[in-house]
Amino acid sequence: MAERSTAAVDVADNSGDEPLTAQADQSTADGVAKNRERETDSDEAQGSGGAESPGKASAPELHSGHKLARRYRLEDCVTRLDGFSSWRAVDEKLRRAVGVHVLPADHTRARSVLAAARSSALLGDPRFVQVLDAVEENDLVYVVHEWLPDATELTTLLASGPLEPHDAYQMVSQIASAMAAAHREGLAHLRLNPNAVLRTSTGQWRIRGLAVNAALRGVSSDTPQRTDTEAIGALLYAALTQRWPYENDAYGLSGLPKAVGLIAPDQVRAGVHRGLSELAMRALVNDGATASRHESACATPEDLVKAIGEMPRIRPPEPAFTAPPEYQRTTYQQGSYGRPSVHPGATQPVQTPPPPLQSRTGKALKWAVSALLIAALGLGSWQLADALMDQSNSDDKNQTQTTDGDDNSAAPKPVQQLKIQGSQEYVASGSAQAPEDVGNTYDGDSSTYWRTKQYTEGPTLAPYKPGVGIVYDLGSSHELSAASIGLRYAGDHTTVKLYATDSLNPSTGIGGMKEIGTAETSGTSLTVKASKTVKTQYVLLWITAVPNAPTDGYSGAGYKQAITDVKFTG
């Protein structure tokens with residue numbers, strides 16, 4: 001595969017206002033960035049220790065397709081700075097995606113990186129992204145680690161808002177216990193930030209870059225336990241408030257107002273869980289200068305684990321459930337017919353039942369009432385039978401007549417073709433496909449098209465890339481009923497999904513969009529019908545599988561697809 005999502009696992013732990021995958025320069029044809037990317041975070045923003053000066057050795061000139069140890073094929077360069085580069089690669093022996101850090105063997109940090117990687121690999125804790133290999137070969141030092149296809153960075157999660165209390169509690173519990181285990185083995189992270197914390201699809205939290213990320217950038221600390229504890233406090237603070245607990249903006253989060261100082265999360269945002277707010281402050285303020293309402297500071301991850309254990313456990317939110325309406329009985333059924341209503345709190349007096357009709361007059365009265373009831377029942381039965389006979393005659397007459405009019409309410413809505421006002425290629429990860437050709441998909445000319453790149457494996461693009469696609473602007477909000485799509489290549493198979501999104505540059509990933517419909521074909525035309533009514537102005541056409549096609553004018557044989565025409569109907 002030529003590409004793979006870096007949203008789940010960015011191999012180099014890029015810090016700053018936004019991940020370096022979002023800041024990456026334009027790539028050349030072989031996937032190597034033309035210019036080195038600049039790291040934008042500061043030690044003050046992340047609360048980490050100091051850093052030594054970068055090594056003088058230049059980053060090795062590698063390119064997409066280069067193989068290390070005749071096994072690891074480099075695919076996408078994710079980061080290139082400070083004399084090292086980080087890549088998404090493919091382990092051809094085990095046929096899986098991996099991440100690789102590469103630096104020259106004469107780099108000033110090469111020895112420390114190798115030592116950190118080997119120490120991290122010995123830990124073997126599944127709560128950390130595992131180091132798979134650490135090798136010095138042919139004047140290069142490279143570290144190979146896991147690549148998690150189903151994981152999402154905390155940075156991405158916080159882009160849509162703060163975490164729910166239960167999610168924040170699970171995150172800080174798992175991260176603190178993992179770091180406590182690492183420190184017991186003499187390992188520190190020192191670069192623990194929202195880019196280094198991942199949540200898998202099963203809800204488990206993982207930490208990447210243990211010891212290795214700090215070694216790559218020359219970060220050290222005289223108090224590693226305090227540094228990591230304060231970093232966990234900052235992560236919890238950000239998860240509760242969607243703010244970075246320092247004055248500087250970082251990791252896509254706004255910092256605190258200047259000259260205000262560090263204030264508790266429940267003073268920044270309403271509705272923050274009080275216990276978690278105090279826990280974040282105890283982890284952040286490690287010099288004992290906590291507010292009076294807070295207990296003693298937590299100086300180590302072990303202290304933090306103990307403090308979490310003393311908290312009442314935060315349970316997940318109850319699933320939404322609407323109780324059925326209570327069966328309403330009549331007053332007669334409730335046995336209070338003719339009685340005065342009882343006010344809440346009032347004592348209902350016990351009423352003496354009336355004496356039974358025992359006299360001769362009473363018996364006569366009972367016989368009279370019984371006779372009246374029998375007469376009423378007979379009259380009612382006769383009227384009911386007469387009405388049923390009239391209705392039967394009326395139905396017989398109606399059966400001989402034809403209906404001249406139609407029921408307007410049952411008439412289907414007319415199908416209307418929606419005009420496309422604009423479009424833009426959507427890149428979830430890696431490089432773009434052919435952004436200059438997106439207009440060819442709705443220009444009315446079936447000989448022009450927008451194409452994907454050619455891939456070596458398929459039909460499914462994952463795990464190397466989550467998908468490729470185009471966002472279309474319909475001008476205004478419409479109820480979308482279907483989309484017809486013309487394709488250039490037939491074969492097994494093409495899968496297309498439609499999503500409603502918020503703009504040509506969606507503010508959320510695929511997981512935050514609303515799915516409209518999905519379809520699959522082995523031919524050159526495809527219709528995607530909406531599975532539910534969705535009103536939207538912007539529609540993402542998302543391709544997750546492409547067929548194996550032969551060589552043509554612009555690319556060799558491989559898994560690829562091209563879109564010739566797109567039409568939306570509402």
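In this chain, residues are counted from 1 in sequence order.
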Practice item. Evaluate the ring planes of H66 and H63, with Trp represented by its six-membered ring, and classify them as parallel (under 30°), tilted (30 to 60°) or perpendicular (over 60°). Key: perpendicular

Review point. Side chains of T494 and Q561: donor-acceptor distance under 3.5 Å anywhere?
Key: yes

Check your understanding: Is R70 salt-bridged to E137, going by a charged N under 4.0 Å from an acidic O?
Key -> no

Review point. Any donor-acceptor pair under 3.5 Å linking the side chain of Q537 with the backbone of G475?
Key: yes

Check your understanding: So, does S531 use its side chain to make a donor-acceptor pair with the main chain of G517 at under 3.5 Å?
Key -> no

Point to revise | Test: E153 and R208 ion pair at under 4.0 Å | key: yes

Check your understanding: Do L68 and V100 have side-chain heavy atoms sitting under 4.5 Å apart?
Key -> yes

Point to revise | S481 (side chain) donor-acceptor with T569 (main chain) under 3.5 angstrom | key: yes

Check your understanding: Between L198 and I207, does a side chain to side chain contact (heavy atoms under 4.5 Å, CB included) hold up when you go through it step by step?
Key -> CA-CA 6 Å; L198 314 167; I207 302 172; over 6 Å; no

Review point. So, the side chain of T518 versus the backbone of V496: is there a donor-acceptor pair under 3.5 Å, distance only?
Key: yes

Exercise for review: Using distance alone, with no hydrogens and no angle criterion, decide if H493 and S522 have a side-chain donor and acceptor under 3.5 Å apart.
Suggested key: no

Review point. To the nearest 0.5 Å, how far apart are CE in M513 and CG in L498?
Key: 12.0 Å

Point to revise | Between CG on residue D565 and OH on residue Y442, distance to nearest 0.5 Å | key: 12.5 Å

Exercise for review: Measure the CD-NZ distance between Q417 and K567 for me, rounded to the nearest 0.5 Å.
Suggested key: 5.5 Å

Check your understanding: Under 4.5 Å between any side-chain heavy atoms of R451 and I563, yes or no?
Key -> no

Practice item. May I ask you to check whether S431 and K453 show a side-chain donor-acceptor distance below 3.5 Å? Key: yes

Study note, to complete from the structure: Nearest heavy-atom contact between V131 and S120 is CG2-OG, 3.9 Å

Practice item. Quick one: closest heavy-atom pair of L253 and Q242, and the distance? Key: CD2-O, 3.7 Å

Point to revise | Side-chain donor/acceptor of H107 to backbone N/O of L140, under 3.5 Å | key: no

Review point. Does the side chain of T501 pick up a donor-acceptor pair with the side chain of Y426 at under 3.5 Å?
Key: no

Practice item. For residues P459 and Y559, determine if any side-chain heavy atom of one lies less than 4.5 Å from a side-chain heavy atom of the other. Key: yes

Practice item. With salt bridge (charged side-chain N to carboxylate O under 4.0 Å, His left out) as the test, would you mind laying out the steps for R206 and E146 before giving the verdict? Key: CA-CA 11 Å; R206 304 280 298 273; E146 282 184 296; 2.9 Å; yes

**Study point:** Carboxylate-amine/guanidinium contact R73 E92, below 4.0 Å
**Key:** yes

Review point. Taking all non-hydrogen atoms of both residues, which atom of S177 and which atom of R127 are closest, and how far apart?
Key: OG-NH1, 3.1 Å

Review point. Does a donor on one side chain and an acceptor on the other come within less than 3.5 Å for E520 and T495?
Key: yes

Exercise for review: Over all heavy atoms of both residues, which pair between Y499 and I516 is shortest? Give the atoms and the distance, please.
Suggested key: C-CD1, 3.8 Å

Review point. Between atom CG of L187 and atom CG of L210, what is the distance when rounded to the nearest 0.5 Å?
Key: 5.0 Å

Check your understanding: Strictly by modelled atom types, are T448 and D443 linked by a side-chain donor-acceptor pair under 3.5 Å?
Key -> yes

Review point. Does the side chain of D445 come within less than 4.5 Å of N440's, by heavy atoms?
Key: no

Check your understanding: When you measure from the side chain of T551 to the backbone N and O of A557, does any donor-acceptor pair fall under 3.5 Å?
Key -> yes

Practice item. Check whether the side chains of N505 and S503 place a donor and an acceptor atom closer than 3.5 Å, and report yes or no. Key: no

Practice item. Using modelled atom types only, decide if a donor and an acceptor are shared between the side chain of R109 and the backbone of L216 within a distance under 3.5 Å. Key: yes

Point to revise | Within-4.5 Å side-chain heavy-atom neighbours: D125 and E185 | key: no

Check your understanding: Less than 6.0 Å separating the ring centroids of Y472 and F568?
Key -> yes

Point to revise | Stepwise side chain to side chain contact (heavy atoms under 4.5 Å, CB included) check, L487 with T564 | key: CA-CA 6 Å; L487 304 172; T564 58; over 6 Å; no

Point to revise | Backbone N/O of A462 and side chain of T460: donor-acceptor pair under 3.5 Å | key: no

Review point. Is there a donor-acceptor contact under 3.5 Å linking the side chains of Y449 and T441?
Key: no

Point to revise | Verdict with supporting geometry, V98 and V90, side chain to side chain contact (heavy atoms under 4.5 Å, CB included) | key: CA-CA 6 Å; V98 293; V90 175; over 6 Å; no

Check your understanding: Does L526 offer a backbone N or O that forms a donor-acceptor pair with the side chain of T521 under 3.5 Å?
Key -> no

Review point. Can R199 and Q204 be said to form a side chain to side chain contact (heavy atoms under 4.5 Å, CB included), step by step?
Key: CA-CA 6 Å; R199 186 174 69 182; Q204 300 300 310; over 6 Å; no

**Study point:** Minimum heavy-atom distance between Y142 and A69, given as atom pair plus value
**Key:** OH-CB, 3.3 Å

**Study point:** W87 ring center within less than 6.0 Å of Y72 ring center
**Key:** no

Practice item. May I ask you to test the V539-L474 pair for a side-chain heavy-atom distance under 4.5 Å? Key: yes

Review point. Will you find, in the side chains of W450 and E436, an N or O donor that is under 3.5 Å from an N or O acceptor?
Key: no

**Study point:** Exercise: do R88 and S429 side chains pair donor with acceptor under 3.5 Å
**Key:** no

Exercise for review: Answer yes if the side chains of T200 and D150 hold a donor-acceptor pair under 3.5 Å, and no otherwise.
Suggested key: no

Check your understanding: Considering only heavy atoms from C-beta outward, does the side chain of P506 approach that of V471 to under 4.5 Å?
Key -> yes

Point to revise | Gap separating the CZ atom of R243 from the CG atom of D249, nearest 0.5 angstrom | key: 8.0 Å

**Study point:** Whether D76 side chain and V78 backbone form a donor-acceptor pair below 3.5 Å
**Key:** no

Review point. Side chains of I510 and W542: closer than 4.5 Å at any heavy-atom pair?
Key: yes

Study note, to complete from the structure: Tightest non-hydrogen contact, residues P194 and L235, listed as N-CD2, 3.5 Å

Check your understanding: Do R95 and E457 sit within salt-bridge range, that is, some charged N less than 4.0 Å from a carboxylate O?
Key -> yes

Check your understanding: Do R71 and D91 meet the salt-bridge criterion of a basic N to acidic O distance under 4.0 Å?
Key -> yes

**Study point:** Distance, nearest 0.5 Å, that separates CG of D139 from CG of L103
**Key:** 12.0 Å

